[in-house]
Participant: 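Following this message is one structure expressed as structure tokens.
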Amino acid sequence: MEELMIAFDDNLITGNDMIDEQHKQLIERIQKFVDACKEGDSKVKAIKMLDYLDEYTEFHFGEEEELQRKVGYPELAQHHEKHNE
């Protein structure tokens, strides 16, 4: 079975330090979740990681959309729909 690696790379850089750092944090946590699942860690640990990812994703999407509103990002509505997906 091929090992799944999730990593932040240059294609994901937005140029906004806050957003880039949040993306790095989110991707790092997703990779930790994948690793925990592969290692057969406890269900409790997996549930806690999913709860964290859920909360952090909501926080990040809110921060990102607020920044987009402030700078008048022209594709905010489309980006918001992607977040909803």
Side-chain angles (χ1 to χ4, degrees):
M1 180 187 284
E2 188 176 317
E3 186 170 323
L4 178 61
M5 290 299 300
I6 302 166
F8 186 87
D9 64 32
D10 289 350
N11 293 324
L12 299 172
I13 294 175
T14 66
N16 180 285
D17 291 341
M18 178 187 75
I19 297 300
D20 289 342
E21 195 54 43
Q22 289 178 7
H23 284 167
K24 288 176 188 175
Q25 172 76 1
L26 187 57
I27 290 169
E28 180 182 304
R29 291 297 183 123
I30 292 169
Q31 183 62 54
K32 285 181 180 182
F33 173 72
V34 169
D35 292 343
C37 290
K38 285 189 308 190
E39 295 165 10
D41 283 352
S42 74
K43 289 181 184 178
V44 172
K45 184 175 180 181
I47 289 169
K48 285 182 180 179
M49 292 176 110
L50 283 174
D51 284 344
Y52 171 83
L53 286 170
D54 180 53
E55 289 175 16
Y56 194 82
T57 301
E58 288 295 321
F59 161 76
H60 167 68
F61 286 171
E63 292 281 306
E64 191 173 82
E65 290 172 10
E66 180 61 26
L67 177 63
Q68 291 172 339
R69 269 190 286 284
K70 284 181 182 177
V71 299
Y73 183 62
E75 296 178 24
L76 174 60
Q78 295 91 329
H79 199 90
H80 179 73
E81 284 305 312
K82 287 294 184 187
H83 284 172
N84 285 340
E85 285 178 27

Participant: Please check if Leu67 and Leu12 belong to a single hydrophobic cluster, counting links between Ile, Leu, Val, Met, Phe, Trp and Tyr side chain heavy atoms closer than 4.5 Å.
Facilitator: no
Participant: Can you get from Phe61 to Ile30 by hopping between Ile, Leu, Val, Met, Phe, Trp and Tyr side chains that sit under 4.5 Å apart?
Facilitator: no
Participant: Side-chain heavy atoms nearer than 4.5 Å, only ILVMFWY residues, links allowed to pass through others: does that put Ile13 and Tyr73 together?
Facilitator: no
Participant: As an exercise, state the distance from CG of Asp35 to CE of Met49, rounded to the nearest 0.5 Å.
Facilitator: 8.0 Å
Participant: Taking atom types as modelled, is there a side-chain donor on Gln25 or His60 under 3.5 Å from an acceptor on the other?
Facilitator: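 No, no side-chain donor-acceptor pair sits under 3.5 Å.
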Participant: Show the numbers, then the answer: is there a side-chain contact (heavy atoms from CB on, under 4.5 Å) between Ile19 and His23?
Facilitator: CA-CA 6 Å; Ile19 297 300; His23 284 167; 3.4 Å; yes
Participant: Parallel, tilted or perpendicular for Phe59 and Tyr56, by the 30°/60° rule?
Facilitator: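 Ring orientation, 0 to 90° scale: tilted.
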Participant: Give, for atom CD of Glu65 and atom NE2 of His83, the distance between the pair rounded to the nearest 0.5 Å.
Facilitator: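 One finds 5.5 Å between CD of Glu65 and NE2 of His83.
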Participant: To the nearest 0.5 Å, what is the distance between CZ (Arg29) and CD1 (Ile6)?
Facilitator: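 CD1 of Ile6 is found 14.0 Å from CZ of Arg29.
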Participant: Taking the side chain as everything from C-beta on, heavy atoms only, tell me whether Glu64 gets closer than 4.5 Å to His79.
Facilitator: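 Result yes, sub-4.5 Å side-chain heavy-atom pair found.
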Participant: How far does CD of Glu58 sit from CD of Glu55, to the nearest 0.5 angstrom?
Facilitator: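 Answer for the CD-CD pair, Glu58 versus Glu55, is 9.5 Å.
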Participant: For Gln78 and Glu81, what are the C-alpha separation, side-chain angles and deciding distance, and is it a side-chain contact (heavy atoms from CB on, under 4.5 Å)?
Facilitator: CA-CA 5 Å; Gln78 295 91 329; Glu81 284 305 312; 5.7 Å; no
Participant: Would you check if Arg69 and His80 make a side-chain contact, meaning some heavy-atom pair closer than 4.5 Å?
Facilitator: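 Result no, sub-4.5 Å side-chain heavy-atom pair not found.
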Participant: Does a side-chain heavy-atom distance below 4.5 Å link Glu28 with Phe8?
Facilitator: no
Participant: Could you tell me whether the side chain of Ile47 reaches within less than 4.5 Å of the side chain of Leu50, counting heavy atoms only?
Facilitator: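 Answer no - side chains too far apart.
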